[in-house]
Protein chains: 2
Amino acid sequence: MRPQKVLDDEILAGLTKVFRSKGYEGASLKELAEATGLKKASLYHRFPNGKQEMAETVLNHIGEWVQNNVFLALADEEVSPQMRLKNGILQITKLYNGGEETCLLRALSMKAGLDLFNEQIQNGMQDWINAFYNLGLELGFSTSKATKYAVQTLVDIQGSLIVTRGLNDIKIFEETLKKIESNYLE
Amino acid sequence: MRPQKVLDDEILAGLTKVFRSKGYEGASLKELAEATGLKKASLYHRFPNGKQEMAETVLNHIGEWVQNNVFLALADEEVSPQMRLKNGILQITKLYNGGEETCLLRALSMKAGLDLFNEQIQNGMQDWINAFYNLGLELGFSTSKATKYAVQTLVDIQGSLIVTRGLNDIKIFEETLKKIESNYLE
DNA sequence: GTCTATAGCTAGATAGAC
DNA sequence: GTCTATCTAGCTATAGAC
């Protein structure tokens with residue numbers, strides 16, 4: 001068995017970078033190949049269903065990362081709800097590289113991507129809301145307040161990433177994370 | 001002079017619909033032609049610089065609409081600041097068709113579009129912030145509070161449109177507009 | 001498992017008849 | 001001003017050598 005020229009992690013990192021910045025239709029196989037260091041044909045060996053499978057794999061991989069880092073921090077029963085929030089927000093900062101990176105769910109949310117990944121996008125967003133909903137309950141919120149705050153938190157994250165990119169001003173993302181934290185803790 | 005087969009308004013409407021839903025790279029000339037009712041070659045007659053010019057035209061056209069409707073309502077000195085807000089939000093609902101339509105600035109905000117339309121997108125977003133900043137001042141806010149609220153309003157609009165699409169739940173957009181209104185008026 | 005080469009198609013864009 | 005026809009380049013995807 002010939003050794004893999006590129007490790008799986010590097011492949012995933014390359015695919016992720018391209019899909020995040022270019023979206024589904026904007027990501028060409030040429031770019032995906034260059035970003036992973038593999039040739040196009042080799043990519044098809046790893047992902048027989050082509051571009052769609054590559055995007056699905058990236059979606060699942062980021063989804064797992066969020067589960068194992070963001071949501072785990074938010075639900076960690078070892079520490080206080082206040083501390084969970086702080087830790088969760090730290091993981092969110094990491095996920096979006098301080099506001100430099102866009103959200104993959106959003107990047108795949110133009111018409112073509114939405115049609116293909118409708119379910120993953122919907123579930124992914126619902127998971128975010130659920131994670132913050134549960135945190136709200138732990139902080140003593142009513143169910144309706146917990147829901148309201150959870151939805152607003154997702155709106156804040158998505159909106160601030162958009163505006164951060166549009167205005168090329170990372171402070172908007174940073175301030176929004178601070179606002180989310182103080183929202184829950186006041 | 002041969003009569004134009006399709007009125008300019010219909011052409012713009014078709015281009016707008018496609019760019020909004022598909023983004024810049026996702027919008028193909030085939031689709032743009034079908035949506036406008038013109039053949040590709042005819043589109044090139046109207047827009048000699050091709051797809052980029054079509055997107056620029058749509059950007060400018062929506063920008064003007066926003067100026068003449070949303071911002072005008074928000075700045076109308078004939079009525080009270082409270083009423084301006086109500087009217088402005090009505091225009092925003094119209095702009096996004098109650099949450100069914102995405103924001104063009106966002107649709108053109110993936111890498112390729114950002115590179116081409118950086119300036120229009122940045123100016124467009126800054127205009128939104130300025131409009132709400134001025135409204136805040138009229139309501140007696142300090143400059144720092146007015147800035148904070150204006151940025152948050154843009155974040156709310158962009159974020160709620162994303163989450164509305166992702167969850168396929170238009171109530172998120174509706175509730176966000178209500179929240180923006182009560183934010184300013186309480 | 002990776003590569004070169006290429007198929008088959010669609011993209012954006014143009015020429016020229018009417 | 002609109003059309004049919006076509007160009008070239010790029011796309012996704014596959015074949016087959018190593």
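Neither OP1 nor OP2 of C/dT2 sits under 4.0 Å from any side-chain N or O of A/His45. OP1 or OP2 of D/dT12 has at least one side-chain nitrogen or oxygen of A/Lys51 nearer than 4.0 Å. Look at B/Tyr44 and you won't find any side-chain N or O under 4.0 angstrom from OP1 or OP2 of C/dT14.
In this structure, the nucleotide among D/dT12, C/dA13, D/dC3 sitting nearest to the side chain of B/Leu38 is D/dC3. The listed nucleotides are D/dT14, D/dT12, C/dT14; the one nearest the side chain of B/Ala41 is C/dT14. Of the candidate nucleotides D/dA13, D/dT4, C/dG12, C/dG12 has the atom lying nearest to any side-chain atom of B/Ser28.
Counting only heavy atoms from C-beta outward, the side chains of A/Thr164 and A/Asp169 never approach each other to under 4.5 Å.
Going from atom OH of A/Tyr24 over to atom C1' of D/dC11 covers 12 Å, rounded to whole Å. Atom-to-atom, CE of B/Met54 to P of C/dA13 comes out at 7 Å; the value is rounded to the nearest Å. Note: CG (B/Leu29) to P (D/dA9) measures 17 Å, nearest angstrom. Nucleotide C/dT2 holds its P atom 4 Å from the CZ atom of A/Arg46, rounded to whole Å.
Residue-level contact check: B/Ala33 touches neither bases nor backbone, having no heavy atom under 4.0 Å from any strand. A/Lys40 comes within 4.0 angstrom of a nucleotide base, judged by non-hydrogen atoms across all strands.
Checked by atom type, the side-chain pair B/Asp156/A/Gln152 shows a donor-acceptor distance below 3.5 Å.
No cation-pi contact links A/Lys94 to A/Tyr96, judged by a cut-off of 6.0 Å to the six-membered ring centre and 45° from its axis.
A salt bridge between B/Glu175 and A/Lys148 is absent, with no side-chain N of the basic residue lying under 4.0 Å from a carboxylate O of the acidic one.
If you find the closest nucleotide of DNA chain D to B/Ser42 and to A/Glu25, the one lying nearer the 5' end belongs to B/Ser42.
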